[in-house]
Amino acid sequence: MGTIAKIGIVSGRAVPLEAVPGHPGQAAFTDFSRGCLSRFGFARIADRVVAGLPLGIRDVEMLLSKASLPVLMKLVELRHGGEDCVQPMPLVMLPLSNWAARYEPTRIVELSHDLLKSIRHKHIRVVIDEIDFEKLDGELFAVLREIAHCRPGLTLVGPPVDDVVSWVLSAGSSKGIQSVPRFEQLLHKLRSAGLGRLMPSSAVEVLKTVKEAGFPASLVTNIPSFATPLELAKELLRVNEIAAHQPIDVWVPGADPLPASKRTGTSALDFQVLRTLAVGSLCMPAVPYRRASTRYLSVEAIQFSRHCGANDFGFGAVNELTARALHLEKLDRLRRAVGNEPERAVAQRSPFPLA
Amino acid sequence: MSKSRARRIRVGNLSYLGTHPYQLLRELDFVHYSEYGPLEAVRKLYEGELDVALIPASEFAAHGGLVGLDHGLACAERSDALLLCSRTPLQQLKTIYLYHGAAASAVLLRLLLREDWKICPRLVRVGTDFNPQQLGDGEGMLVLKDEIPPEVTAMPVVEDLVRGWDRLTGKPFVFLIWAVRPGVLSLKQHQALHEVFRRCVEASEEIIQSGLEEFDVTERAVLKFRGNNYSFYLDDNAIAGLNSFYHKAATQGMLPHTRYQSATFTLLNRRTIRVLKEPGVGEELRRVTEGSRLGIRDGVQIAERASLADLGLAADLMRNRVSPERTISQVCFIGGRLMRDTAMLDASIERAVERGAKQLLLLPQKNDLYDLEFFEHCIHHIRARFKVWLEGFTVPQLLILARNSGRPIQQVVSRLVTAGLDGVSGMGGGMLIDRALRRRGQRFGASEWLDVIRWVHRYGAKSTCCLTLSAEESWEERFIHLHRLRTIQDEDPGFRAFHLDYAPEWNGGAPSLELRMRAMMLSRLFLDNVASVQEIDFIPAEVAGVLSLSLGANEVRVDVAEGTGRWKETLRTLQALRELGMDFSEEPRGESDVGEVH
């Protein structure tokens, strides 16, 4: 039995087979779409996308600043057409800090067991609302371990990586975070306590340490913090470059809400995130998962995000408390929205391969 | 024949003297025979109420998914029945009135106007009560009569359209085609129909002769059928003329690119009747963006097969061609209660105008829809004080007003327009399929809605049109609806804008975002003669409006009325979109305090 080719040759270059025109996973690059992209001024970029070649800084900047949504959608279709997606995962938050103030550890474990066992989903993520790192050497460690093993298919999710970083820094070092041995130690401690993952970080520099500690590396890019398309383009390419050497598993484009005085409708933010998601999906081939999260996108935008390159729909809250506390959409509504997409069915791929 | 007996075929002939020979079809035991006007026959065939129908050649092309039975009605050299008459020389015609059922003849007229006579008058469809003696200066009329009355032949200008066609091409003109959906007829039914068609052709003169009394015409009307001018069988020459007509009309953007497709060849091969191999979706989209007209069948195929990205590219190209920059229409709704209080009405409008409103949309209360004079007064009052676009009433409301006030609809429309009404809302006419209208509890039919809109346009007012998405309707029905809007717009362009909405009874609250976008983009491609595609319900918190503006819509409507609470946020959102690279023709601001957006 022979082996199946994994690369093809396009324009004298070796490219991944899925990027070779005519490959079954490849969307049609017809004369019509080629002509349209040419008329909009994106023919050269389209050819690079089809050939699986990397995009340069000017290409990315041009996509961010000039490409219309249909152009981005077409490029995404050419690059990722037919790709499977990860269905939204159920997520529940345990109000551990609240319980800790009122109950003994044994009671906390009982309450957690009762709540988590009542959830019918086979696989579930459990977010701990607040972890007091000072107490991690004491009872809290045992409580977390008990919770982590209370039922099969459970993944404990710790705080955002940025919170861990802030705590370590505030705990007394003026040096960079990478040189702080306590950061690594704390991550290992969290891992040993049974945590399977941490909430995404906005700092790409710390992800290597996070990964080495055994957590998946998830990165959030806060789009409004980049003043110009060029700055954002540089950041996206930097993330891709880093991801090529040290795996970044999930990339989440996001936009923190504006202050009330400058607030626009969320649709403008949705639009900005969708566009950036599309560009990121084109210029960051080293990042395998591109997440559309209801933390940053409306459910309608999530529904549309597949056309903008999303292949991971993040998490849906199992109950109201979780939805409110984490600013996430309820799971049933999210799954309904994502499943309401008639073009391609959402692939069920669980447990999530990364944790 | 047991199977064919089991399933009766609904056959629709036209009630003209020239098509009288086809009444022999009623002799077939598997046929349920009936007669209609041409537009009604088309409607019934399109909507599945007929299986086989004699329809105008233009409607055969507009659908694109039908096959022909090689019979119909063709005419060479001169018709002596289809005439353009006028007291004014052709070159000075400003308006041409079309008889009510004009379809292929209307397209032929438009072709001749453009290619032969090089004039571009307004076309107005009129009822059966209109007669050529009513024509004024600069006015002409397209007449189709089994027997042309002497007052027509006596007019200074009488042009036989078939003669004009003969000058252009030297080929016969096919008016009517017996059409059927592929797969409807069994082989035996097909053969039986053709046998009757053969007898119809053989006995045509006698049968026409026998219809003199029924059609109230004299022997003179029969004479034209005795020569070789008229033919019922569509021979190669007639098909060549038909394809030439389709080619010319498609080149002028009047019909989709198509060719006559006969069902007969499939019989010889004893295969199931099917349409010829169609071009791919990409090729079809390319043609549309280059100016070709989209047919119903091709529209359905694109709707079902094209990727959202390809549709988006095509719709965005179309929008770029029609309206390179997006526009913001700031409007103010005026409710029925406000209309009763002049002082409050004036104050509200003044505030709205200060906020940038350029359009007022009147929303009359149902209880007031009996008092035509009140509305005339109200419209006149607003018109005298404010320079704004004044739109109001839906077609159903106009019909209720006409019924309650005991006046003909044309009089109601005429008086409101004379009082100063600029436009009528297209709401309520979002699915002009009789079955759909009945399902929604509407008391009017599609043709009634279309007639009212024709009156609105005829009196010089504009209107809007829409497509109401419902889970109950197929893509084919949606395109049939759009085809009706497009046909009206071809004749007398009065639709100012198109918008999409969805039926309140939609299962689960709303159609999926993808379906809404798909329908909006396809409407943009199909309605190539309506300049503006509006987003009428832009909600700052919902991404649907932004996506619409990215995928083909070129106008966004913003309600600046007090109490809606979201107009400032809407304007800020539009401003933010502008900063993200979305083109708008003007700064989306109504007041200085909208606030900056970064």
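Here is how names work: the chains are called A, B, and so on, in the same order as the sequence lines, proteins then strands, and each is numbered from 1.
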Check whether any side-chain heavy atom of Asp310(B) lies under 4.5 Å from a side-chain heavy atom of Phe32(A), and answer yes or no. yes
Measure Met582(B) against the heavy atoms of chain A and call it side chain, backbone, both or neither at under 4.5 Å. side chain
Quick check: do Arg516(B) and Glu300(A) have side-chain heavy atoms less than 4.5 Å from each other? yes
Below 4.5 Å from any heavy atom of chain A, which atoms of Ala314(B) appear? Answer side chain, backbone, both or neither. both
What is the minimum heavy-atom distance between Pro70(A) and Gly312(B), and which atoms define it? CB-C, 3.4 Å
Determine whether more than 12 heavy atoms belonging to other residues, nucleotides or ligands lie under 6.0 Å from atom CZ of Arg259(B). no
Run the numbers on Glu514(B) and Arg306(A) for salt bridge (charged side-chain N to carboxylate O under 4.0 Å, His left out), then give the verdict. CA-CA 11 Å; Glu514(B) 168 154 350; Arg306(A) 184 199 290 272; over 6 Å; no
More than 12 non-hydrogen atoms from neighbouring residues, nucleotides or ligands closer than 6.0 Å to CG on Asp31(A), yes or no? no
For residues Ser267(A) and Pro540(B), report the shortest heavy-atom separation together with the two atoms involved. OG-O, 2.6 Å
Can you tell me how far apart CG (Asp583(B)) and OG (Ser68(A)) are? Round to the nearest 0.5 Å. 10.5 Å
Just checking Lys358(B): does its NZ atom have more than 12 heavy atoms from other residues, nucleotides or ligands closer to it than 6.0 angstrom? no
Among Thr570(B), Leu313(B), Val546(B), which residue forms the greatest number of heavy-atom pairs with chain A at distances under 4.5 Å? Leu313(B)
Would you find more than 12 non-hydrogen atoms of other residues, nucleotides or ligands less than 6.0 Å from His121(A) atom NE2? yes
Let me confirm one number: the CG-CG distance from Leu69(A) to Leu549(B), rounded to the nearest 0.5 Å. 11.5 Å
Going from NZ on Lys74(A) to OG on Ser307(B), what distance comes out if it is rounded to the nearest 0.5 angstrom? 4.5 Å
Side chain, backbone, both or neither: which part of Ile539(B) has a non-hydrogen atom closer than 4.5 Å to chain A? backbone
Give, for atom CG of Asp316(B) and atom SG of Cys36(A), the distance between the pair rounded to the nearest 0.5 Å. 9.5 Å
Run Leu580(B) and Phe271(A) through side-chain contact (heavy atoms from CB on, under 4.5 Å) and show every step you take. CA-CA 9 Å; Leu580(B) 288 172; Phe271(A) 186 60; 3.9 Å; yes
Locate the shortest heavy-atom distance separating Thr266(A) from Ala541(B); write the atom from each residue and the value. OG1-O, 3.1 Å
Contact winner vs chain B - Arg39(A), Arg275(A), Met73(A), heavy-atom pairs under 4.5 Å: Met73(A)
Please report the interatomic distance CD(Gln303(A)) to CG(Leu513(B)), rounded to the nearest 0.5 Å. 5.5 Å
